[in-house]
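Owing to the predicted nature of the structure, the values given are computational and were not obtained by experimental measurement.
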Amino acid sequence: MAATFIGYLSSFGISFFLTPFIVDRLGATAYGFIGLSGNIIGYTSLLTVAINSMSGRFIALKYHEKNYAEANKYLAATYYANIVTALVITLILGFIALFLDKIFQVPPDLLPDVRALFVLTFVNMAISLSFNVYGVCLFIKNRLELGTIRSLISDLIRVVLTVIAYTIFPVALWYIGLISIICTAYLITTNYLYQKALTPELVVKRINFRLKYVWEMATAGMWNILSSMSSMLNQGVDLLLANIFVSAYYMGIMSLGKNLPFIILSICTSVANTIHPEFMKFFAEKRMDLLKNSLTKSIRIMGLFTSIPCAGLLAYGDIFYSQWLVGQDYQEIYNISSLTMFALLFTFPTQSIWYVFTMTNKVKISSLNLIAFGIANLLLIITAMHILTDDRQKLYAIVIIQGGLMIIRFTTFLPIYGAKVLGFAKTLLYKPLFKMVVSTLIITAISYGFKTMCISHYSWGTLCIGAIFTIVIGLPFNFYISLQKSDREYILNRFIRKKKHA
């Protein structure tokens with residue numbers, strides 16, 4: 001968890017400082033095509049979701065059962081299916097690159113450079129997809145921190161090569177694509193070496209390829225395609241509807257207000273992924289009591305990670321936005337941010353639970369539920385937009401409807417159906433979830449009271465004082481009140497063991 005958290009922050013920090021460096025040399029127009037090429041790759045990734053979303057589950061399950069022959073058949077099926085898919089996608093993307101100026105608006109002077117960027121980006125996608133199955137060893141052996149460290153090194157390589165390219169050589173857009181290929185080659189090489197060291201029993205052989213294994217994984221993961229499509233729709237529908245039905249100004253306010261809460265959500269999701277290998281191991285070994293304890297423990301520990309930043313943003317968000325976005329309507333941004341954060345309070349502790357559906361191969365109902373809520377979200381917002389007349393009311397309606405549906409989904413479907421597919425009591429996950437939510441709200445109330453009584457003016461200094469107060473109050477509160485004795489012992493023992501090992 002620590003490695004994932006540090007790696008995410010490092011990657012974010014590198015991107016934060018590297019982006020203006022590139023824009024300064026390329027210009028905003030040219031830089032926009034980097035994002036466009038990445039978006040196109042994201043769209044085509046839907047073709048790979050069915051198999052790759054389930055391959056880790058099937059390979060790990062057979063591996064933990066010590067059925068290495070079957071595990072290698074799933075490994076071979078994934079490897080060769082990805083190669084064929086990569087070839088198909090490359091043909092599609094090649095057509096896009098060939099007729100680039102007919103599909104998109106590209107300045108004539110940038111066309112050769114942009115086309116070279118797209119070609120290199122598409123080649124990088126094909127290489128990455130063809131060999132990504134080697135990374136499953138980190139999941140099987142629960143050594144995800146190795147992947148995080150490797151990704152951090154890849155980011156550093158990207159920074160060094162980018163600075164060298166744009167400092168020494170004539171400015172060109174296609175450097176970005178070439179550097180991506182070099183970084184991908186490094187990742188593939190390290191994945192291959194990790195597999196040889198961690199899971200030597202797994203070997204890709206053409207003789208192990210069976211089409212039925214491809215079909216089994218594809219049909220099992222088919223519903224994940226719909227989930228991915230629904231997620232893409234939900235991630236951008238609020239801003240799109242705000243632009244259509246409200247105004248561009250309020251769309252900007254919404255975007256700024258939701259930015260920080262969703263950054264915290266991304267970090268939370270990354271941390272949640274580190275818990276999945278433990279779930280799979282207990283499930284494969286049919287140690288359901290240990291799996292039950294691990295599920296509830298994950299909610300409490302995830303809540304421990306997210307409670308302090310949530311409480312801090314809810315209590316001091318107005319101070320932060322007034323200093324970070326000088327000249328903007330920080331109070332409106334703070335209101336949107338607070339509404340969004342309140343809804344996410346119910347999602348943060350349970351992020352790891354979504355893996356239960358993949359682990360048990362019960363993704364159909366989850367996907368249908370996601371689609372149903374996505375459609376409901378769209379219809380309710382459009383209805384509200386036609387009923388309300390005030391732009392500000394419309395803005396808050398979008399945020400409240402989306403947040404309200406999110407709370408309903410995370411307090412009804414996820415905890416109930418997540419426990420049901422494992423044969424546990426339907427109320428199993430409720431107690432740790434609501435305990436963490438209440439704990440966060442208590443810390444928020446204490447922090448808000450401190451701000452009201454002790455902070456008279458807004459500045460980075462007073463924000464730091466408030467943040468320190470919340471950390472000093474919140475961490476002991478969560479550690480001794482929200483966590484169980486076994487959780488405290490688990491965390492302390494892990495820390496002491498790592499310290500002694502170091």
Side-chain angles (χ1 to χ4, degrees), residues 47-88 128-144 146-147 188 190-225 227 273-292 294-295 352 354-367 418 421-423:
L47 299 176
T48 71
V49 168
I51 291 177
N52 289 291
S53 64
M54 299 299 292
S55 60
R57 182 260 182 195
F58 283 96
I59 297 171
L61 187 63
K62 294 303 178 182
Y63 186 92
H64 287 305
E65 291 175 352
K66 301 190 183 305
N67 190 343
Y68 302 130
E70 286 291 292
N72 277 316
K73 290 177 181 177
Y74 284 111
L75 185 74
T78 304
Y79 177 79
Y80 288 105
N82 279 342
I83 288 181
V84 172
T85 305
L87 291 174
V88 172
S128 178
L129 177 60
S130 298
F131 298 100
N132 74 346
V133 71
Y134 288 114
V136 74
C137 64
L138 302 178
F139 176 83
I140 292 174
K141 290 298 184 178
N142 197 6
R143 295 301 307 275
L144 299 181
L146 295 177
I188 291 173
T190 52
N191 272 343
Y192 180 78
L193 295 176
Y194 282 147
Q195 175 158 316
K196 289 293 184 182
L198 297 176
T199 55
E201 304 87 354
L202 297 179
V203 181
V204 176
K205 293 182 178 180
R206 188 166 60 85
I207 194 173
N208 287 327
F209 177 79
R210 300 289 188 278
L211 192 60
K212 70 173 185 178
Y213 290 94
V214 176
W215 178 253
E216 182 181 2
M217 290 186 291
T219 52
M222 193 64 66
W223 292 101
N224 286 331
I225 297 179
S227 295
N273 291 336
T274 67
I275 306 175
H276 297 165
E278 184 177 280
F279 290 175
M280 173 56 75
K281 179 177 175 60
F282 292 150
F283 180 75
E285 295 173 350
K286 297 179 173 56
R287 302 164 74 182
M288 302 308 287
D289 286 342
L290 291 179
L291 177 58
K292 180 190 295 185
S294 184
L295 284 170
S352 60
W354 287 109
Y355 182 69
V356 165
F357 307 123
T358 298
M359 180 179 68
T360 58
N361 198 10
K362 302 287 186 181
V363 297
K364 177 180 178 180
I365 301 300
S366 174
S367 300
V421 297
L422 293 171

Please round to the nearest 0.5 Å and tell me the distance separating atom CD1 of Ile188 and atom OH of Tyr134.
9.5 Å
So which heavy atom on Ser352 is nearest to which on Phe279, and how close?
O-CE1, 3.6 Å
Roughly how far, to the nearest 0.5 Å, is the CG atom of Leu422 from the CE atom of Met288?
5.0 Å
Going from OH on Tyr74 to CG on Leu202, what distance comes out if it is rounded to the nearest 0.5 angstrom?
13.5 Å
Residue pairs passing the side-chain hydrogen bond (donor to acceptor under 3.5 Å, both in side chains) test with at least one member in residues 76-88, sequence neighbours excluded, are Asn52-Asn82, Asn82-Asn132
Shortest non-hydrogen contact from Ala71 to Ile59?
CB-O, 3.9 Å
Closest heavy-atom contact between Phe209 and Val214?
CE1-CG2, 3.7 Å
Taking only residues two or more places apart in sequence or in another chain, which ones pass side chain to side chain contact (heavy atoms under 4.5 Å, CB included) with Leu290?
Phe282, Arg287
Do Glu65 and Leu61 touch side chain to side chain, with heavy atoms closer than 4.5 Å?
yes
Interatomic spacing from OG in Ser294 to CZ in Phe283 - rounded to 0.5 Å:
13.5 Å
Run the side chain to side chain contact (heavy atoms under 4.5 Å, CB included) test against Ala60 and tell me which residues pass, sequence neighbours left out.
His64, Phe139, Ile140, Met280
Separation between CG of Asn72 and OH of Tyr213, rounded to the nearest 0.5 Å:
11.0 Å
Sequence neighbours excluded, which residues qualify as salt bridge (charged side-chain N to carboxylate O under 4.0 Å, His left out) partners of Glu70?
Lys73
What residues form a ring pair (Phe, Tyr, Trp, His ring centres under 6.0 Å) with Tyr194, not counting sequence neighbours?
none
Under the side-chain hydrogen bond (donor to acceptor under 3.5 Å, both in side chains) test, residues paired with Arg210 that sit two or more places apart
none
Just do the side chain to side chain contact (heavy atoms under 4.5 Å, CB included) check on Phe131 and Asn191 with the steps written out, would you?
CA-CA 9 Å; Phe131 298 100; Asn191 272 343; over 6 Å; no
Partners passing side-chain hydrogen bond (donor to acceptor under 3.5 Å, both in side chains) against Lys62 (at least two apart in sequence or in another chain):
none
Please name all residues satisfying side chain to side chain contact (heavy atoms under 4.5 Å, CB included) with Lys196, sequence neighbours left out, ordered by chain then number.
Tyr192
side-chain hydrogen bond (donor to acceptor under 3.5 Å, both in side chains) against Lys281, all qualifying residues, sequence neighbours excluded
Glu285
Quick one, Leu75 and Asn208 - any side-chain contact, counting heavy atoms below 4.5 Å?
no
How long is the straight-line distance from CG of Leu146 back to CG of Leu193, given to the nearest 0.5 Å?
12.0 Å
Can you sort out the partners of Lys292 under salt bridge (charged side-chain N to carboxylate O under 4.0 Å, His left out), two or more places apart, ordered by chain and number?
none
Sequence neighbours excluded, the answer for side chain to side chain contact (heavy atoms under 4.5 Å, CB included) partners of Ser128 is Thr184
